[in-house]
Structure formats: C-alpha cells, structure tokens
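Quick note: numbers below take in every heavy atom, side chains included, and nothing from hydrogens, waters or symmetry partners. Residue indices begin at 1 and follow the sequence shown.
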Amino acid sequence: MREPNPLKLAPSILTADFGHLAEQIHAAESGGADYIHLDVMDGRFVPNITFGPMVVRAVRALTTLPLDVHLMIEDADPYLRDFIDAGADILTVHVEACRHLHRTVQMITQLGRKAGVSLNPGTSVEAVREILPFVDLVLVMSVNPGFGSQRFIETSTAKLRRMRRLMDELAPLADLEVDGGVDVHNIADVVQSGANVIVAGSAVFNSRAPIGENLARLRAAAVVE
C-alpha cells in the first residue's frame, strides 16, 4: 500500500493583513508553514482581482519557503515565465481555464518548476485523468474560487477520495492539495480523505490567535487516529 505523502500546511496570504505582510509571512514561516500560497485572480476567470508577479516577487524576498502560486486566470501561458522569474516554485493552473492544458503543464515543467492542475467544485475528477501522469500536484477547490473566508463544501471530502484513488492509479507520487474553508474542525476529515497539502487562509491569518498558534492547532487537528 502506498505511503501517504507528508502533510504540508500552505497559509494563503489572501486573508493576510497586507499592511503588515512581511511580519505575517515571517510569523507563518517561524510557526511551521511548509509553503506560502498565493492566489492570483484576474477578474475574468473568477469574480475578483488580487495581484500579479510583482507581489510574488515581494513575497519571494521575504521567505525561503516554497511559493505555491495558484493561477486563477484565463490564458495563463503568456504569464508563466513572469511568475517563475518572480520566484514561484509551484504553478497551478485550472483545467477550466486552459484551452491546451497539456501544453501549459509542459511549459511549466520545461521552465523548471513543479506543475499543478486545479478543479472547481463543479468539475469532475475525470476532467484531469489524461493530464495526471504529467503533474506534480492536483488542487481540489472546496469552495467556489474568487474570495477568501468561504464555507467548506461538504461533498468535497468524497471528491477528494475519488481523486486520490485516480491519482494512486496514474500519479501516485503527486500531492493532493485542497483549498477553501479548511479549519481545525474539518482538517482531519480532509486529510483522511487523501489530501496532504492544506491551504488555509482565515484559519491562519485572523485576530483570534497568533499565526504560529493557529498553524500548530491545524497540524495537531490533522492527525488521523
């Protein structure tokens, strides 16, 4: 039986305080984060606009952690090199937004970075079957993309189990990432369903507790007995 990939926590700066972004990223790094997750939105593929390569470059200067860059944008190909030059270590694109998905994934890997593919909540796991042998990561959205602090879609755990079974067949070494509404109350179910990279925004960056404490609580709650 395949050994599960190590658990990784990837705080999303989407819900961080951008007025104190350096301090918040440093707190996440010292608190045990494995990645820093950056959500790039274009106002076309999703109904929100966030930031581009310049912010990725600024974050790169603040941390040595891998930068997990999620491109929620249409026609990502012309911008891949810009994000890689800015410091992205992982680039994830959406199956729904890429006309020629294999070509896009191939471009990312040829540029020397890890390639991921993401699915919206309404997209079947079968949509990525043909691309799975070529990716390093699959990201299952557990909210509709575009905004932070949304509620976890409960059927996402069943979808994660289906995805993990398909990945065990076609991409056994790839990471399974989940993004949207994960907190201390559901992270154990999410991990038990097969996810090993956990994106967390408001569960990490909030006024209820320090960032390091929030990360420690998530990691402790993720333990599956």
Side-chain angles (χ1 to χ4, degrees), residues 4-14 33-42 45-46 50 52-53 56 59-60 65-77 79-121 123-143 145-146 156 159-160 162-164 166-180 182 190 193-201:
N5 291 355
L7 176 69
K8 301 183 182 75
L9 297 181
S12 169
I13 66 168
L14 186 62
D34 298 287
Y35 297 160
I36 298 296
H37 187 85
L38 298 100
D39 291 302
V40 177
M41 306 180 191
D42 64 359
F45 179 63
V46 293
T50 54
V56 176
V59 172
R60 175 75 287 160
L65 290 176
L67 299 188
D68 179 24
V69 178
H70 180 192
L71 297 180
M72 288 176 269
I73 65 175
E74 294 184 4
D75 192 20
D77 292 7
Y79 306 103
L80 298 176
R81 184 176 291 276
D82 291 337
F83 282 103
I84 288 172
D85 289 346
D89 296 285
I90 306 164
L91 276 181
T92 297
V93 296
H94 269 261
V95 62
E96 305 90 353
C98 293
R99 181 171 296 179
H100 303 291
L101 183 59
H102 184 277
R103 179 187 298 163
T104 302
V105 166
Q106 188 177 48
M107 288 174 65
I108 296 169
T109 56
Q110 286 178 344
L111 288 167
R113 295 298 185 270
K114 291 185 176 181
V117 63
S118 182
L119 302 88
N120 283 341
T123 302
S124 167
V125 299
E126 289 294 325
V128 297
R129 173 181 284 275
E130 300 302 326
I131 198 66
L132 281 180
F134 306 99
V135 300
D136 303 287
L137 177 148
V138 176
L139 170 55
V140 170
M141 293 300 299
S142 47
V143 299
S156 300
K159 185 175 184 177
L160 286 167
R162 292 194 301 273
M163 180 60 76
R164 187 67 263 178
L166 190 60
M167 292 171 66
D168 284 345
E169 175 188 348
L170 299 171
L173 300 181
D175 288 319
L176 178 53
E177 186 171 37
V178 62
D179 183 359
V182 180
V190 165
S193 297
N196 72 289
V197 181
I198 311 299
V199 178

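What you find for Ser142 and Gly180 is that their closest heavy atoms are OG-O, 2.6 Å. Pairing each heavy atom of Ile73 with each of Ala97, the nearest pair is O-CB, 3.4 Å. Scanning all heavy atoms of the two residues, the minimum distance from Pro66 to Asp34 falls at CD-O, 3.3 Å. Nearest approach of Val178 to Ala195, heavy atoms of both residues: CG1-CB, 4.0 Å. Taking all atoms of both residues into account, the shortest heavy-atom contact from Ala88 to Val56 is N-CG1, 4.1 Å. Contact detail for Ile108 and Val93: the closest heavy-atom pair is CD1-CG1, 4.3 Å.
The CG atom of Asp89 sits 12.0 Å away from atom CG of Asp136, with the distance rounded to the nearest 0.5 Å. Interatomic distance, CG of Leu101 versus CD of Gln106, reported as 11.5 Å (0.5 Å rounding). Interatomic distance, Tyr35 OH to Ile198 CD1, rounded to the nearest 0.5 Å: 11.5 Å. For the atom pair His102 NE2 and Met107 CE, the distance stands at 13.0 Å (nearest 0.5 Å). Remark: Asp68 CG to Glu177 CD distance equals 4.5 Å, nearest 0.5 Å. The distance from atom CG of Leu137 to atom OG1 of Thr92, rounded to the nearest 0.5 Å, is 5.0 Å.
Between Ile13 and Val59 the shortest side-chain heavy-atom distance falls below 4.5 Å. When side chains are defined from C-beta on, Val182 does not count as touching Val199, because their heavy atoms never get closer than 4.5 Å. At a threshold of 4.5 Å between non-hydrogen side-chain atoms, the residues Val40 and Tyr79 do not count as touching. Side-chain contact between Asp42 and Leu71 is absent, with no heavy atoms from C-beta onward closer than 4.5 Å.
Side chain of Thr104 to main chain of Asp77: no donor-acceptor pair is present (N/O by atom type, distance under 3.5 Å, no hydrogens or angles). At distances below 3.5 Å, not a single donor-acceptor pair connects side-chain atoms of Arg162 with backbone N or O atoms of Val125. Of the possible donor and acceptor atoms, none in the side chain of Lys159 sits under 3.5 Å from a partner among the backbone N and O of Met141. Looking at Glu96, its side chain does come within 3.5 Å of a backbone N or O of Asn120 through a donor-acceptor pair.
Taking the six-membered ring where tryptophan is involved, the planes of His70 and His94 are essentially parallel, since the angle between them stays under 30° and well short of 60°.
The local environment of NZ in Lys114 is sparse, with at most 12 non-hydrogen atoms from other residues, nucleotides or ligands closer than 6.0 Å. Enclosure of atom CD in Glu126 by more than 12 non-hydrogen atoms of other residues, nucleotides or ligands within 6.0 angstrom is indicated.
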### Query
Stepwise, does the side chain to side chain contact (heavy atoms under 4.5 Å, CB included) test hold for Val138 with Leu119?
CA-CA 8 Å; Val138 176; Leu119 302 88; 3.8 Å; yes

### Full working for side chain to side chain contact (heavy atoms under 4.5 Å, CB included) between Val135 and Val128
CA-CA 10 Å; Val135 300; Val128 297; over 6 Å; no

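Checked for salt-bridge contact, Asp85 and Arg60 miss the test: no charged N lies under 4.0 Å from a carboxylate O.
The closest side-chain donor-acceptor pair between Asp39 and Ser12 falls under 3.5 angstrom.
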